[in-house]
Every structure is written in C-alpha cells, then in structure tokens.
*Asks:* 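Starting off with a structure, shown below.
No hydrogens, no waters, no symmetry mates; every other heavy atom, side chains included, goes into these values. Read the numbers this way: they start at 1 and go in the same order the structure lists the ligands and their atoms.
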Amino acid sequence: MKGIIRIAVDGPGGAGKSTVAKAVAARLGIDYVDTGAMYRAIGYKMREEGIEPDDTERLEAMLDDTDIDFADGDIILDGVVVNDKIRTPEISKAASMCSALPQVRAKLVDIQRSMGMKKSVIMDGRDIGSNVLKDAEYKFFLTASAEERADRRYKELTEKGENVSFDEVLADIKERDHRDRTRELNPLVMAEDAVEIDSTDLSIEEVIDRIVKEIE
Ligand code: DC
C-alpha cells in the first residue's frame, strides 16, 4: 500500500465533483473513478431490462451478470461504452432510485473498494469518504447552493440540446438531494475528517487549485 494515495470527493449532485476530480486526476497523474456513473449504468440497465426495484430475484440475477469498468475515461457496461446514454434526466432519477437498493450498493461498493486498493485514485460520489474509502488520505466535500447547481446542470443539458426548463431541473435536483440524504443505506453525509469546499462563488479552476494545494 506504500505510495498509494486515495482522494475522496463527495457532495450533492451538480456541485462540480466530476469536473473537479477529473482535472485533479490529470494534474496528479492518477486514476479517476466516477462512482455516480456506476449507479447510472445500473439504473440504465434496470430500465432497459424493465426490472422493478422490488423484483429482488431478477435484480440479483442481473447484478450477477453485469460487468462495469472504466477505460480511458469511458464507462463500460457489459463491454459497451454508455457515457451518453446515462447522462439524461430519466437516468439521473433511475440512478438515485437504484442507489438506495442494498444489493446494488453491495456490488458497486465492492468494485470501488478494489479499485481503490490497486493504485492511487481520486474517487467522487456520495459515500466515498464516509464509507467506501473511510481511510482515504484526503477527503473533500464539495457543495454549492441548489440554485447554482441547477443553473450549471441546466446550461449543460440545454447545450446538449435537451428540452428542459430551469424549474424542472431545480425541482429534480432538490428531489434527488432529499433522496440521497435521507436514504437508509450510506446516505450523503460529510465525513468528519473531510475538508468542505463551498463552490457557489468559486470557479472550477479555483476549486481545483484548492484541492491540489491541500494535497501537495
Ligand atoms: O453523481 P451522479 O449524479 O452521477 O450520481 C447519480 C446517483 O447515484 C445519485 O443520485 C446518487 C447515487 N450515488 C450514490 O448513491 N453513491 C455514490 N457513491 C455515487 C452516486
């Protein structure tokens, strides 16, 4: 384990975790693991296969038969790149729903822990510092107001040509926040030893600089 560093970046949806973590990974020359993408991939597969959350038998069979990996920044579900398919408002909701299921969390947390054992990583999500990599060397908790996060997500979606209203995006963000914070299993909480960064009035570059400075 000597020489390996693990960096956990948690926080609510739309706080800029992925953008920041990806950039920090590039600066430090380490791997980036987007755990939200893993929940999205499972949510996507459940929808594709029409599996209801309470259909334990089919859910468990599907999980046993599912392979999730990352390669060159792409998320690979059963051998297929699904980057674009998992970034829609429907899949955001599906991911949040499936992330409350114990079988789904058990499978993904296992994969995430083994990814964090082999080499230095920066991993972003909701429960990385509080659960997945409890002994991570560095932990950050990235926040921003719901309005600011909705504004960023709205711009991102409209740039991609999605037909959504700002109010819809804000309502989705608030609903997802509530679900992520109140679920029974590994809810979104700040680890006691995490450094909190409120990015409401900071640029992405400023957030990246603060994290890199803390580590160096
Ligand atoms: O970060 P994101 O929006 O891509 O995450 C999608 C959903 O996955 C989010 O609603 C909560 C869930 N999630 C989780 O429960 N635990 C994680 N470590 C990462 C994401």
*Asks:* Identify each donor-acceptor pair in which a side-chain atom of residues 62-76 lies under 3.5 Å from a protein atom, sequence neighbours left out, and give them as a table.
*Replies:*
from: Thr66; atom 1: OG1; to: Lys45; atom 2: NZ; distance (Å): 2.9
from: Thr66; atom 1: OG1; to: Met62; atom 2: O; distance (Å): 2.5
from: Asp74; atom 1: OD1; to: Asn83; atom 2: ND2; distance (Å): 2.7

*Asks:* What atoms of ligand 1 come within less than 4.0 Å of a heavy atom belonging to Ser96?
*Replies:*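 Counting atoms of ligand 1 from 1, those under 4.0 Å from Ser96 are 10 (O).
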
*Asks:* Which of the atoms of ligand 1 are close to Ala95, meaning less than 4.0 Å from one of its heavy atoms?
*Replies:*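 By the 4.0 Å cutoff, the relevant atoms are 6 (C), 7 (C).
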
*Asks:* Quickly, which of Arg149, Arg153, Lys155 forms a side-chain hydrogen bond (donor to acceptor under 3.5 Å, both in side chains) with Asp151? Name it, please.
*Replies:*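 The single option meeting the side-chain hydrogen bond (donor to acceptor under 3.5 Å, both in side chains) with Asp151 is Lys155.
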
*Asks:* Are Val195 and Met190 connected in a single hydrophobic cluster, I mean Ile/Leu/Val/Met/Phe/Trp/Tyr linked by side-chain heavy atoms less than 4.5 Å apart?
*Replies:*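 Met190 and Val195: separate clusters.
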
*Asks:* Atom 8 (O) of ligand 1: which protein heavy atom is closest, and how many Å away?
*Replies:*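 Of every protein heavy atom, Tyr39 CB, 3.4 Å lies nearest to atom 8 (O) of ligand 1.
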
*Asks:* Does atom NZ (Lys160) have a neighbourhood of more than 12 heavy atoms from anything else shown, all under 6.0 Å?
*Replies:*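 More than 12 heavy atoms, drawn from other residues, nucleotides or ligands, come within 6.0 Å of this atom.
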
*Asks:* Would you name the heavy atoms of Ala23 and Ile208 that are closest together and state the gap between them?
*Replies:*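 Nearest pair, atom of Ala23 first, then Ile208: CB-CD1, 3.4 Å.
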
*Asks:* Between Lys17 and ligand 1, is there a nitrogen or oxygen pair with a distance under 3.5 Å?
*Replies:*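 Among all N and O atoms of Lys17, none is under 3.5 Å from an N or O of ligand 1.
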
*Asks:* Could you establish whether Arg183 and ligand 1 come within less than 4.0 Å of each other, counting only heavy atoms on the residue side?
*Replies:*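 Per 4.0 Å heavy-atom rule, Arg183 contacts ligand 1.
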
*Asks:* Name all residues meeting the side chain to side chain donor-acceptor pair (under 3.5 Å) criterion together with Glu206; count only those two or more places apart in sequence or in a different chain, and write none if there are none.
*Replies:*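 Checked Glu206 against side chain to side chain donor-acceptor pair (under 3.5 Å); matches are Ser203.
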
*Asks:* If I apply the N/O under 3.5 Å rule, does Arg126 come out as touching ligand 1?
*Replies:*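 There is such a contact, yes.
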
*Asks:* Verify, without hydrogens or angle tests, whether Lys17 (side chain) and Pro12 (backbone) share a donor-acceptor contact under 3.5 angstrom.
*Replies:*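 Yes.
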
*Asks:* Considering non-hydrogen atoms of the protein only, which is the closest contact for atom 10 (O) of ligand 1, and what is the distance?
*Replies:*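 Protein heavy atom with the smallest distance to atom 10 (O) of ligand 1: Arg176 NH1, 2.9 Å.
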
*Asks:* Which bit of Arg105 is near ligand 1, meaning a heavy atom under 4.0 Å away: side chain, backbone, both or neither?
*Replies:*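 Near ligand 1, Arg105 shows its side chain, while the N, CA, C and O stay back.
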
*Asks:* Return the closest protein heavy atom for atom 19 (C) of ligand 1 as residue, atom name and distance.
*Replies:*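 Of every protein heavy atom, Thr35 OG1, 3.3 Å lies nearest to atom 19 (C) of ligand 1.
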
*Asks:* What protein heavy atom is closest to atom 4 (O) of ligand 1, reported as residue, atom name and distance in Å?
*Replies:*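 Of the protein heavy atoms, Arg40 NE, 2.6 Å lies nearest.
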
*Asks:* Quick one: do Leu185 and Met46 end up in the same hydrophobic cluster if we chain Ile, Leu, Val, Met, Phe, Trp and Tyr together by side-chain heavy atoms under 4.5 Å apart?
*Replies:*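 Different clusters: Leu185 never reaches Met46 through Ile, Leu, Val, Met, Phe, Trp or Tyr contacts under 4.5 Å.
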
*Asks:* Kindly confirm or rule out an N or O of Asp127 lying under 3.5 angstrom from an N or O of ligand 1.
*Replies:*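 Yes, there is a polar N/O contact under 3.5 Å.
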
